[in-house]
Number of protein chains: 2
Amino acid sequence: MIGHSAKIPLPSLKRLPGYVHFLRSLKCEGVATVSTTAIGRALRLDPTQVRKDLACTGAEGRPRVGYRVDDLIVVLEEFLGWRNVSEAFLVGAGHLGSALLGYEGLRNHGLDVIAAFDSHPAKVGQDVHGVKVLDIERLPGLARRMGVHIGVLTVPVDAAQEVAERMVEGGILSIWNFAPVSLQLPEKIFVQNGELYAQLAVLLRRTEEAVSRKTPSTPEVA
Amino acid sequence: MIGHSAKIPLPSLKRLPGYVHFLRSLKCEGVATVSTTAIGRALRLDPTQVRKDLACTGAEGRPRVGYRVDDLIVVLEEFLGWRNVSEAFLVGAGHLGSALLGYEGLRNHGLDVIAAFDSHPAKVGQDVHGVKVLDIERLPGLARRMGVHIGVLTVPVDAAQEVAERMVEGGILSIWNFAPVSLQLPEKIFVQNGELYAQLAVLLRRTEEAVSRKTPSTPEVA
DNA sequence: AGAAAAAAGAGAAAAAAATCTCTATTTCCA
DNA sequence: TGGAAATAGAGATTTTTTTCTCTTTTTTCT
């Protein structure tokens, strides 16, 4: 169950994990309270924006003091659904897939990958970072029987659409898709794309801008 | 050099890679022209929005016909800087780092990781997917000497800040940061966060919404 | 050839998000 | 005890992004 079922703007929701990370580090340092001014400085965000984001989660602060770090962490983790993790299946035990399986982080962030699947016979039966790799054929049945609603998709592009359909067949409701394709699935299925390439695009552009600032070579010939 | 140095909205820029992926698949099927209506249908976007995005890149279409697939791919790849890849260094040859190194995709998306670095003696000297792993100490010098401006950061949280500073020391201008911390660096350095957890947050929330739609159990007791 | 359909492109409108302004509260300090 | 400073929180404004509307162009069909 996810807390405070109210409507939150998508950009706000995306910023929340960053707040939790920062707050956890504060807690480690023994800091008791924090202001949105301080959070904003650390995360390079406008304090008002931070305040608005926090307000969406139901958190409350006190003037002149700020928010209690401990309480705020709890409220945010509750809101994000990190306090009772959701079970997920992962398909594609390749490089990226294994990396995600080995990523302890996920479990602290609300996601528990309880089984992996692959079509490659050599991989089936293996144990990747403590998670059993099963034959992809078994996915629909197991997903339905175990009530798993989340699928992580780390297969090559060519296989992505087909695997996604198997997931849907098994009652999966949301897919975290790391393949660079737009999956064609029923309207009701939520697909979160990995956006690796979107991020890379932004990175390259910004870099290019920075480089050409340093080297103003092209003098804009008219 | 990146094409059409004009200003493009960030959301538009992020959508461009998706267009290229779709266009490439069309090209494989031998499709010669495509309309924004068709692109929108495939990627679940408003056709007008697709048109606006494409306009930013300088692409031109023809009424009643659409855009020439071949030309559009070239224009977009040019705009994204995918035609002459940028060199990058990666630090942290752990699970995620190796996964990225093994990811052929990056080179087709404008990024060429030419060397990896790690502080762990056991990893230094190894060869991960064809990329040599060097001692982190050598990064600043090599970056400066080779004119590398992009750094990919896949180290554990605790090391992230320190490694990022070494990168900056070596003249790195942009960092792709996969550690869940907000790096404190000079203003001019661009940091693109991996946003894994931001995506996960959205995924979990949407899933929760979908599940509670199916099971309207909590009748909102007043 | 002329009418109809499909789509680009430009501009306007609407929606969403970020930022700014102001007020009220709380704490610290003199 | 009173004033000053810092900050939450609410509301207004601005900016950005998305969506809608209309016009023009091109192609196809009769």
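Quick note on labels: first sequence line is chain A, next is B, and so on, each numbered from 1. Values below: all heavy atoms of this structure, side chains included; hydrogens, waters and symmetry mates excluded.
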Problem set entry | Contacts of type side chain to side chain contact (heavy atoms under 4.5 Å, CB included), residue A:Ser12, not counting sequence neighbours | A:Ile8, A:Pro9, A:Arg15, A:Asp53
Exercise. Now, which nucleotide makes the Watson-Crick or G-U wobble pair with D:dT14, with each of the two distances under 3.5 Å?
Worked result: C:dA17
Exercise. Under a 3.5 Å cut-off for both distances, is D:dT27 Watson-Crick or wobble paired, and to whom?
Worked result: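 Pairing partner: C:dA4.
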Exercise. Of B:Ser35 and B:Lys52, whose closest DNA chain C nucleotide lies nearer the 5' terminus?
Worked result: B:Ser35
Problem set entry | Earlier contact from the 5' end, DNA chain C, for A:Gln49 and B:Glu60 |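 This one resolves to B:Glu60.
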Problem set entry | Stacked cation flag A:Arg166 on A:Phe117, 6.0 angstrom / 45 deg |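 No, A:Arg166 does not sit over the ring of A:Phe117.
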Would you kindly give the [atom1]-to-[atom2] distance between [X] and [N], to the nearest whole Å?
X: B:Arg44; N: D:dT19; atom1: CZ; atom2: P; answer: 14 Å
X: B:Lys7; N: D:dT16; atom1: NZ; atom2: C1'; answer: 11 Å
X: A:Arg51; N: D:dA6; atom1: CZ; atom2: P; answer: 14 Å
X: A:Arg64; N: D:dA8; atom1: CZ; atom2: P; answer: 11 Å
X: B:Leu10; N: D:dT16; atom1: CG; atom2: C1'; answer: 11 Å
X: B:Arg62; N: C:dA5; atom1: CZ; atom2: C1'; answer: 16 Å
X: A:Ile8; N: C:dA16; atom1: CD1; atom2: C1'; answer: 14 Å
X: B:Asp46; N: D:dT17; atom1: CG; atom2: C1'; answer: 12 Å

Exercise. If you check the A:Thr48 side chain, which of C:dG9, C:dT19, D:dT26 turns out closest?
Worked result: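 Given the options C:dG9, C:dT19, D:dT26, the side chain of A:Thr48 is closest to C:dT19.
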Seminar exercise, completed: Side-chain contact check for A:Arg15: nearest option of C:dA17, D:dT17, C:dA18 is C:dA18
Exercise. For atom CD of B:Gln184, is the number of surrounding heavy atoms from other residues, nucleotides or ligands below 6.0 Å larger than 12?
Worked result: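 Correct, the count exceeds 12.
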For this session: Indicate whether OP1 or OP2 belonging to C:dA7 is found under 4.0 Å from a side-chain N or O atom of B:Thr36.
Result: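 For C:dA7, neither OP1 nor OP2 has a side-chain N or O of B:Thr36 closer than 4.0 Å.
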For this session: Determine: side-chain N/O of A:Thr37 to OP1/OP2 of D:dT7, distance under 4.0 Å, yes or no.
Result: yes
Exercise. Any idea which heavy atoms bring A:Arg107 and A:Asp112 closest together, and the distance?
Worked result: NE-OD1, 3.0 Å
Exercise. Under a 4.0 Å N-O cut-off, is there an ion pair linking A:Arg213 with A:Glu208?
Worked result: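 So A:Arg213 does not pair with A:Glu208 through a salt bridge.
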